[in-house]
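Each remark here refers to the structure printed beneath this line.
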Amino acid sequence: MRSSTLIMYLDIDAFFPSVEQARFPLLKGKPVIVGSGVVASSSYEARKYGIHAGMPIQTALQLCPEAIVLKGHQPTYQSFTQEIFRYCTELSPSVEVYLDEIFCDLTGTPAARDPIGVARTLKARIKRNLGVTVTVAFATNRMIARLAASRVKPDGLVLVEEGKEEEFMSERLLRDVPGIGEHKATILEQLGIKTVRELRLLGFDFLRKIFGGSAPLIAQRLEGKDPVRPNATPKSISRETSLSEDTIDVERIESILYYLIERAAREARSAGLLPRTIRVKLGYGDGTRSSCQQCFRGMSVIDQEIFSIARLMLKRILKRCRIHRVGVVLADLVPTTSVQGKLYGNRLSHLVRTLDAIRSRFGHSSVIVGKSVNLMRELERDSYGYILRTPSLTK
Ligand code: DCP
Ligand code: CA
């Protein structure tokens with residue numbers, strides 16, 4: 001049996017639209033778009049027309065007027081990944097899911113003896129039981145596995161042999177290397193440096209000039225190594241959602257804002273982080289946006305305290321125009337341990353901590369408080385909470 005790490009990476013092809021095509025066979029072979037306002041994902045048939053995630057649906061329909069547009073249904077999508085997660089746990093106890101991506105550590109398991117055979121069986125099982133195709137890649141680390149999968153999509157299967165990581169990496173485009181980012185990749189491209197091989201030729205001093213303190217990490221990645229930074233602190237925690245119908249009803253917008261704050265603040269509390277800045281973002285039916293940012297004088301991760309500031313910010317930026325999207329960002333996060341003083345001492349903080357404890361056992365929507373009550377009749381709920389129309393983001 002091989003002794004080195006073996007990671008299996010699995011990604012569902014055209015996730016949202018594939019699930020819709022599996023649920024409604026009449027959609028098979030047709031250009032399908034899932035999204036609200038903008039394309040969240042499109043089927044491979046729609047991608048042939050140049051349609052891609054993030055594109056306004058209006059533009060997509062100009063490119064392909066016969067495309068079928070669906071709003072999507074998050075709980076159904078979740079049940080598909082849960083089922084695949086279950087299959088993966090039969091192979092290894094170490095399985096992590098990120099929306100439609102699964103990392104499964106097969107190191108030392110019986111599956112590691114014949115990964116390709118195991119993957120073929122798994123792919124067939126998923127196709128038969130769930131009606132969707134997945135791409136599977138194996139490598140000695142997550143980065144290589146993920147990059148390898150992106151090259152063989154859809155319905156792909158690939159294994160990057162141990163010892164071939166550096167060679168595999170040298171052919172990759174810089175913009176595909178995690179940590180380099182769109183902006184730096186564009187600058188380097190303008191200098192005629194497009195691939196990992198080309199950048200490595202320039203040596204570490206050049207990396208230092210471009211990437212500063214991140215240069216050692218980038219250098220390792222360019223060599224095909226993927227040093228995992230344990231528990232890296234996120235820069236911000238965001239929650240945002242588009243509305244099923246645009247509205248000018250301030251009470252409704254405030255309720256949604258309150259709920260988004262509840263969700264973001266709960267994540268900040270569970271990560272032991274305190275935001276120093278809060279940002280409120282609005283998107284209007286006519287495609288325009290406005291946002292407002294403010295630093296806290298005293299820091300807080302208490303829902304009601306954040307909301308009382310956010311509400312004033314909302315009033316400042318609200319235009320007399322129908323709202324399509326509401327978002328909140330908690331930024332400049334600092335660990336609670338680095339902050340002096342009694343942040344958790346008052347009655348409100350006692351309340352949120354009690355709520356956190358109940359919700360972590362019974363789900364977010366087991367208790368509905370504050371302005372979220374106003375959403376009860378309006379939004380669908382699962383045990384996790386009201387269903388946001390956009391996946392939550394932590395950056
Ligand atoms: N998604 C979204 N908004 C985005 C990008 C993605 O809501 N801006 C959702 C819809 C996708 C799902 O996340 O179906 C998974 O994202 P992927 O990037 O894996 O894209 P797909 O699975 O749709 O396509 P691919 O076949 O390229 O993996
Ligand atoms: Ca996918």
Side-chain angles (χ1 to χ4, degrees), residues 8-24 27-57 59-60 64 67-85 88 96-104 119 122-123 126-127 130-137 142-143 145-158 173 175-176 178 181-182 238-244 260 281 283 289 324-327 384 387-395:
M8 179 176 78
Y9 170 81
L10 183 152
D11 180 82
I12 306 176
D13 303 316
F15 182 31
F16 292 1
S18 296
V19 171
E20 299 299 348
Q21 287 174 325
R23 292 166 75 204
F24 307 108
L27 297 176
K28 281 197 180 130
K30 304 229 167 80
V32 176
I33 293 171
V34 178
S36 175
V38 294
V39 176
S41 178
S42 54
S43 66
Y44 278 79
E45 294 84 356
R47 292 184 197 188
K48 285 191 202 133
Y49 295 84
I51 296 169
H52 56 79
M55 177 183 269
I57 288 181
T59 315
C64 177
I68 299 146
V69 181
L70 302 168
K71 290 228 159 97
H73 195 243
Q74 194 87 31
T76 309
Y77 304 147
Q78 230 170 349
S79 68
F80 273 63
T81 25
Q82 267 162 13
E83 188 68 3
I84 300 176
F85 172 82
C88 291
E96 286 172 37
V97 182
Y98 302 91
L99 197 64
D100 71 332
E101 299 177 293
I102 296 181
F103 290 96
C104 183
L122 178 64
K123 276 164 69 79
I126 293 169
K127 178 83 186 137
L130 301 172
V132 298
T133 64
V134 297
T135 294
V136 177
R142 290 169 174 236
M143 175 184 72
R146 199 165 190 267
L147 283 171
S150 68
R151 295 175 45 75
V152 294
K153 275 191 141 294
D155 203 11
L157 174 56
V158 63
L173 290 176
R175 59 179 56 250
D176 294 335
E182 180 85 24
S238 323
R239 290 292 183 275
E240 56 184 282
T241 188
S242 48
L243 312 183
S244 48
L260 295 172
K281 306 193 295 186
R289 288 154 190 259
H324 177 64
R325 200 171 176 80
V326 184
Y384 189 59
I387 293 158
L388 301 182
R389 299 175 66 81
T390 308
S392 306
L393 310 162
T394 300
K395 290 180 209 150

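Here the structure is a predicted model, which means the values were calculated and not measured. Residue numbers start at 1 and run along the sequence shown. Both counts, for ligands and for their atoms, begin at 1 and track the order of listing.
Of all the heavy atoms of T135, none lies under 4.0 Å from any atom of ligand 1, so neither backbone nor side chain is involved. The proximity of V34 to ligand 1, defined as any non-hydrogen pair under 4.0 Å, does not occur for either the backbone or the side chain. Here R47 has side-chain heavy atoms under 4.0 Å from ligand 1, and that is the only part of it that gets that close. Neither the backbone nor the side chain of E101 comes within contact range of ligand 1; no heavy atom lies under 4.0 Å.
With a cut-off of 3.0 Å, the Ca ion (ligand 2) has an N, O or S atom of D11 in range. The distance from the Ca ion (ligand 2) to the nearest N/O/S atom of D100 is under 3.0 Å. The nearest N, O or S atom of L99 is not closer to the Ca ion (ligand 2) than 3.0 Å.
Here the side chain of R47 pairs a donor or acceptor atom with the backbone of S42 at under 3.5 angstrom. Remark: the backbone N or O of K30 is paired with a side-chain donor or acceptor of Q21 at under 3.5 angstrom. E101 contributes no side-chain N or O that, together with a main-chain N or O of D11, makes up a donor-acceptor pair within less than 3.5 Å.
Atoms of ligand 1 lying under 4.0 Å from any heavy atom of D13, numbered from 1 in the order shown and given with element: 26 (O). Here is the list of ligand 1 atoms found below 4.0 Å of a heavy atom in A14: 21 (P), 22 (O), 23 (O), 24 (O), 25 (P), 26 (O). Distances below 4.0 Å separate heavy atoms of I12 from the following atoms of ligand 1: 22 (O), 28 (O). Listed by number with element, the atoms of ligand 1 under 4.0 angstrom from any heavy atom of Y44 are 25 (P), 26 (O), 27 (O). Residue D100 approaches ligand 1 through these ligand atoms, each under 4.0 Å from one of its heavy atoms: 15 (C), 19 (O), 22 (O).
With P154, A53, S18 as candidates, the residue nearest to atom 8 (N) of ligand 1 on a non-hydrogen basis is A53. In this structure, of V132, D155, D11, the residue bringing a heavy atom nearest to atom 28 (O) of ligand 1 is D11.
Residue contacts with ligand 1: P17 is placed with no nitrogen or oxygen under 3.5 Å of a nitrogen or oxygen of the ligand (distance criterion only). At a 3.5 angstrom cut-off on N or O pairs, F16 counts as close to ligand 1.
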Worksheet item: For L99 and T81, what are the C-alpha separation, side-chain angles and deciding distance, and is it a side chain to side chain contact (heavy atoms under 4.5 Å, CB included)?
Response: CA-CA 7 Å; L99 197 64; T81 25; over 6 Å; no
Worksheet item: Can H52 and V39 be said to form a side chain to side chain contact (heavy atoms under 4.5 Å, CB included), step by step?
Response: CA-CA 7 Å; H52 56 79; V39 176; over 6 Å; no
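For the pair L122 and L10, the minimum side-chain heavy-atom distance is below 4.5 Å.
Nearest heavy-atom pair across Y77 and F15 is O-CZ, 3.4 Å. Contact between E20 and L27 at its shortest, heavy atoms only, is O-CD1, 3.7 Å.
With 3.5 Å as the limit, one finds a donor-acceptor pair spanning the side chains of T133 and D13.
Of the charged side-chain nitrogens involved, at least one lies within less than 4.0 Å of a carboxylate oxygen, so that K123 and D155 count as a salt-bridged pair.
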